[in-house]
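Taking it in order: structure first as structure tokens, then the write-up.
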Number of protein chains: 2
Amino acid sequence: MFSKACEYGIRAAIYIGQQSAGGRRVGLKDIAAEIDSPEAFTAKILQQLVRAQLLTSVKGPTGGFELTPEQLRTVTLRQLVVAIDGGAMLQGCALGLPQCSAQQPCPMHYQFLPIRDQLNELLRTHTIGELASKVQEGLGFLKQFS
Amino acid sequence: MFSKACEYGIRAAIYIGQQSAGGRRVGLKDIAAEIDSPEAFTAKILQQLVRAQLLTSVKGPTGGFELTPEQLRTVTLRQLVVAIDGGAMLQGCALGLPQCSAQQPCPMHYQFLPIRDQLNELLRTHTIGELASKVQEGLGFLKQFS
DNA sequence: AAATTAAAGGATAAAATTGTCCGGTATTTA
DNA sequence: TAAATACCGGACAATTTTATCCTTTAATTT
């Protein structure tokens with residue numbers, strides 16, 4: 001569905017959001033451990049998200065990553081996905097036609113459309129803050145506990 | 001959504017199906033031209049599908065690829081996708097958790113579930129023959145015409 | 001049987017994705 | 001202001017995906 005980079009990025013953002021909601025800034029090492037992702041690779045993805053202003057970073061001691069209250073409230077899953085994977089997967093044709101539309105639809109066009117619309121809606125309507133709360137309440141997990 | 005290989009594979013299968021429905025066997029060159037795909041790469045994918053018995057090939061002059069009437073009627077989009085991309089995308093967690101389930105759901109688990117179910121249902125209920133008919137009737141396209 | 005045709009299969013190459021390493025920069029604390 | 005901390009950025013490496021080429025194999029036609 002999403003790239004590895006995107007999966008890590010989303011999980012990381014939610015974890016950072018969870019901690020930010022509790023007033024805690026978190027470092028890369030902590031993040032990678034808590035979402036079970038490769039540290040250096042995660043760093044690259046977080047850099048992208050900081051540049052896209054979807055999350056905030058602070059250098060130096062006591063530094064780390066955080067989401068501002070506004071970011072917690074307004075940044076959506078969709079923004080993360082677009083920042084990392086680009087919009088192609090949220091718009092492109094399921095069979096790979098460069099221009100698939102009502103003018104020249106692929107044979108699955110009208111069947112896929114509602115599903116993709118639902119996916120878009122799903123991503124658009126869920127904020128990081130909301131998902132972070134779910135994790136905080138123990139209703140969602142960001143890695144496998146055994 | 002799907003890999004390039006899968007996109008080519010599906011488009012190729014539908015084109016072969018369309019021609020098979022008209023009693024015509026088709027060669028690789030023809031297929032690649034009609035679905036606008038790289039010839040040698042398409043050959044590899046078709047080999048996979050032949051091995052998986054989702055379509056049939058005949059060597060030598062007048063040879064080529066075809067779908068038997070039974071294959072036309074019974075082979076589903078889902079079988080193609082599984083043969084080429086594997087089942088991961090149709091089952092795996094959206095956030096990449098190795099074991100995402102009701103026991104330990106990711107924060108999007110219950111939101112994604114219905115969408116993935118719909119996707120599975122969509123793939124399961126559409127046969128190559130059905131899609132080939134749509135193309136035959138001019139209601140669907142396998143490449144961009146300008 | 002020989003020549004021709006077309007898929008099968010193996011080796012290889014290019015590109016994209018995933019992942020690592022390390023020196024540079026900014027910030028805080030002592 | 002020196003030292004320590006932690007993100008930034010660039011280069012590099014491994015893996016996977018995409019793509020090509022060429023020889024072999026099987027089948028048809030002459």
Side-chain angles (χ1 to χ4, degrees), chain A residues 1-13 15-16 19-20 24-67 81 83-86 88-89 92 96 98, chain B residues 1-13 15-16 19-20 24-33 35-67 81 83-86 88-89 92 96:
Chain A
M1 186 81 116
F2 304 122
S3 68
K4 281 282 172 202
C6 201
E7 292 175 356
Y8 297 150
I10 295 172
R11 301 219 301 272
Y15 175 68
I16 297 166
Q19 297 305 309
S20 290
R24 292 176 297 277
R25 192 180 285 160
V26 286
L28 175 61
K29 195 159 300 190
D30 186 9
I31 297 168
E34 288 300 320
I35 70 170
D36 211 6
S37 69
E39 199 175 308
F41 189 42
T42 305
K44 294 296 182 196
I45 301 159
L46 293 182
Q47 274 180 47
Q48 273 187 265
L49 297 180
V50 168
R51 275 195 293 265
Q53 302 186 22
L54 303 182
L55 49 89
T56 307
S57 69
V58 178
K59 285 186 179 179
T62 77
F65 296 90
E66 65 187 7
L67 277 91
V81 171
I84 300 172
D85 280 354
M89 125 126 235
Chain B
M1 186 80 116
F2 304 122
S3 68
K4 282 280 171 202
C6 201
E7 292 173 357
Y8 297 150
I10 294 172
R11 302 218 302 271
Y15 175 69
I16 297 166
Q19 298 304 310
S20 290
R24 292 177 295 279
R25 192 181 285 159
V26 286
L28 176 61
K29 194 159 300 188
D30 185 9
I31 296 167
I35 71 170
D36 211 7
S37 69
E39 199 175 308
F41 189 43
T42 306
K44 293 297 180 196
I45 302 159
L46 293 182
Q47 274 179 47
Q48 273 188 265
L49 297 180
V50 169
R51 275 196 292 267
Q53 303 187 21
L54 303 181
L55 50 88
T56 306
S57 70
V58 178
K59 285 185 178 180
T62 77
F65 297 89
E66 65 187 6
L67 276 91
V81 171
I84 300 172
D85 279 354
M89 125 125 237

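Numbers restart at 1 for each chain; the letters A, B, ... are given by sequence-line order, proteins then strands.
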Nearest-angstrom distance from the residue atom CD1 of B:Ile16 to C1' of C:dA6: 14 Å
Can you tell me the distance, in whole Å, between the NZ atom of A:Lys4 and the P atom of C:dT20? 13 Å
With the side chain counted from C-beta on, respond yes when A:Tyr8 and A:Ile84 share a heavy-atom pair under 4.5 Å apart, and no when they do not. no
Gap between atom OG of B:Ser20 and atom CG of B:Leu55 - 0.5 Å precision: 8.5 Å
Please say whether more than 12 non-hydrogen atoms of neighbouring residues, nucleotides or ligands are located less than 6.0 Å from CD in B:Glu39. yes
Among C:dT18, C:dT25, D:dT18, which nucleotide sits nearest the side chain of B:Ala5? D:dT18
Under 4.0 angstrom between B:Ser57 side-chain N/O and C:dA8 OP1 or OP2: yes
Choosing from D:dC21, C:dA8, D:dT29, which nucleotide comes nearest the side chain of B:Ala40? D:dC21
d(CG, A:Asp85; P, C:dT17) in whole Å: 9 Å
Just the rounded figure in Å: distance from P of C:dA7 to NZ of B:Lys44. 13 Å
Of the listed C:dA7, C:dT18, D:dA4, the closest approach to the A:Ser3 side chain comes from C:dT18
Side chain of A:Pro38 - closest among C:dA7, C:dT25, C:dT20: C:dT20
What contact category does A:Arg25 fall into here, base, sugar-phosphate, or nothing, at under 4.0 angstrom with non-hydrogen atoms? nothing
Ignoring backbone atoms, test whether B:Gln47 places a side-chain nitrogen or oxygen under 4.0 Å from the OP1 or OP2 oxygen of C:dA7. no
A:Arg24 CZ to D:dA6 C1': how many Å, rounded? 19 Å
Compare all side-chain heavy atoms of A:Arg25 with those of A:Gln19 and state whether any distance is below 4.5 angstrom. no
Nearest heavy atom decides the nucleotide; on that basis, is A:Val58 or A:Thr42 closer to the 5' end of DNA chain C? A:Thr42
B:Leu46 near the nucleic acid: base, sugar-phosphate alone, or nothing, with a heavy-atom cut-off under 4.0 Å? nothing
When A:Val26 and B:Cys6 are each assigned the nearest nucleotide of DNA chain D, the 5'-most assignment goes to A:Val26
B:Met89 and B:Met1, any side-chain heavy atoms less than 4.5 Å apart: yes
Any side-chain N or O of B:Arg51 under 4.0 Å from OP1/OP2 of C:dA8? no
Between atom CG in A:Leu28 and atom C1' in C:dA26, what is the gap in whole Å? 17 Å
Closest to the 5' end of DNA chain C, once B:Gly63 and A:Phe41 are matched to their nearest nucleotides, is B:Gly63
Looking only at atom types and distance, does a side-chain atom of A:Asp85 sit under 3.5 Å from a main-chain N or O of A:Ser3, one as donor and one as acceptor? yes
Atom CD of B:Gln48 and atom P of D:dA19: how far apart are they, to the nearest Å? 14 Å
Can you tell me if the side-chain N/O atoms of B:Tyr8 get under 4.0 Å from OP1 or OP2 in D:dT18? no
If I take atom CD in residue B:Glu39 and atom P in nucleotide C:dG9, what distance separates them, rounded to the nearest angstrom? 18 Å
